[in-house]
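Okay, so here's the structure we're looking at.
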Amino acid sequence: MKRALVIAGAALLAAGPALADQTITYEKSTTTTSTSVAPVAPAVGSTTSTVVIAPTPPPAPRVEAPPPPPGPAVAWIPGHWSWSPDSSGYVWIDGRYAEPPRAHASWDAGQWVHRGAGWVWEDGHWSD
């Protein structure tokens with residue numbers, strides 16, 4: 001058996017240069033089609049994202065007086081303005097308390113950023 005493997009290996013080494021001259025080309029094409037289908041809920045575990053572009057800057061943030069915290073291990077997440085395409089205007093989202101995902105995590109508040117033709121909301125997130 002060992003001798004057969006040695007002979008097969010030697011044959012491949014001898015044929016290697018001849019096989020190396022052959023080039024294999026793969027052509028890949030992508031076709032995009034557009035269909036009109038009712039939205040489908042994402043599969044479990046998947047995420048979807050919608051970017052809303054507001055045509056005007058948001059009003060100044062409201063001054064909020066956070067209520068007493070409901071527990072010792074919570075952080076205040078301040079309220080913010082959100083663009084409502086339905087009413088073509090800003091609506092206020094009240095602040096709330098949330099439990100950090102990790103010890104010593106802090107909340108970095110979201111913000112409105114001017115981009116191109118409008119204003120885009122960048123969500124807040126937890127950081128260490």
Side-chain angles (χ1 to χ4, degrees):
M1 173 83 167
K2 186 176 178 181
R3 184 175 176 184
L5 288 175
V6 170
I7 293 172
L12 282 174
L13 286 175
L19 293 174
D21 291 338
Q22 297 176 359
T23 302
I24 299 173
T25 304
Y26 294 99
E27 187 173 318
K28 180 181 177 182
S29 64
T30 304
T31 304
T32 304
T33 58
S34 176
T35 59
S36 229
V37 179
V40 176
V44 174
S46 67
T47 59
T48 59
S49 175
T50 302
V51 175
V52 175
I53 300 174
T56 59
R62 290 184 179 173
V63 176
E64 293 180 302
V74 294
W76 176 251
I77 297 176
H80 65 276
W81 290 105
S82 179
W83 180 258
S84 172
D86 295 336
S87 66
S88 295
Y90 285 95
V91 294
W92 181 254
I93 307 297
D94 290 329
R96 60 186 170 82
Y97 281 102
E99 189 172 331
R102 301 171 294 286
H104 308 293
S106 62
W107 179 254
D108 292 334
Q111 63 182 347
W112 282 98
V113 178
H114 187 253
R115 290 205 184 130
W119 293 80
V120 176
W121 174 253
E122 290 182 348
D123 285 330
H125 60 275
W126 293 101
S127 63
D128 291 322

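Hydrogens, waters and symmetry mates are skipped; everything else that's a heavy atom, side chains included, is used.
- Considering only heavy atoms from C-beta on, Tyr97 comes within 4.5 Å of Pro67 through its side chain.
- Under the ring pair (Phe, Tyr, Trp, His ring centres under 6.0 Å) criterion, Trp81 pairs with Trp92, sequence neighbours left out.
- Legend: residues meeting ring pair (Phe, Tyr, Trp, His ring centres under 6.0 Å) with Trp119, ordered by chain and number and at least two apart, are His114.
- Legend: salt bridge (charged side-chain N to carboxylate O under 4.0 Å, His left out) pairs involving residues 77-101, not counting sequence neighbours: none detected.
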Can you list, pair by pair, the side-chain donor-acceptor contacts under 3.5 Å of residues 70-79, counting residues two or more places apart and other chains?
none

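- A search for side chain to side chain contact (heavy atoms under 4.5 Å, CB included) contacts involving Pro85 returns Val52, Trp83, not counting sequence neighbours.
- Taking the six-membered ring for Trp and thresholds of 30 and 60 degrees, Tyr90 and Trp112 have ring planes more than 60 degrees apart, a perpendicular arrangement.
- The side-chain hydrogen bond (donor to acceptor under 3.5 Å, both in side chains) check on Ser88 picks up nothing, with sequence neighbours excluded.
- In this structure, the side chains of Ser127 and Ser106 come closer than 4.5 Å at one or more pairs of heavy atoms.
- Scored by the side-chain hydrogen bond (donor to acceptor under 3.5 Å, both in side chains) test, His104 finds no partners at all (sequence neighbours excluded).
- Residues satisfying the salt bridge (charged side-chain N to carboxylate O under 4.0 Å, His left out) test with Glu122, not counting sequence neighbours, are Arg115.
- Scanning for salt bridge (charged side-chain N to carboxylate O under 4.0 Å, His left out) contacts around Asp128 gives Arg102, with sequence neighbours left out.
- Legend: residues meeting salt bridge (charged side-chain N to carboxylate O under 4.0 Å, His left out) with Arg62, ordered by chain and number and at least two apart, are absent.
- Residues meeting the side chain to side chain contact (heavy atoms under 4.5 Å, CB included) test with Val63, sequence neighbours left out: none.
- For Ser82, the side-chain hydrogen bond (donor to acceptor under 3.5 Å, both in side chains) criterion is met by no residue, not counting sequence neighbours.
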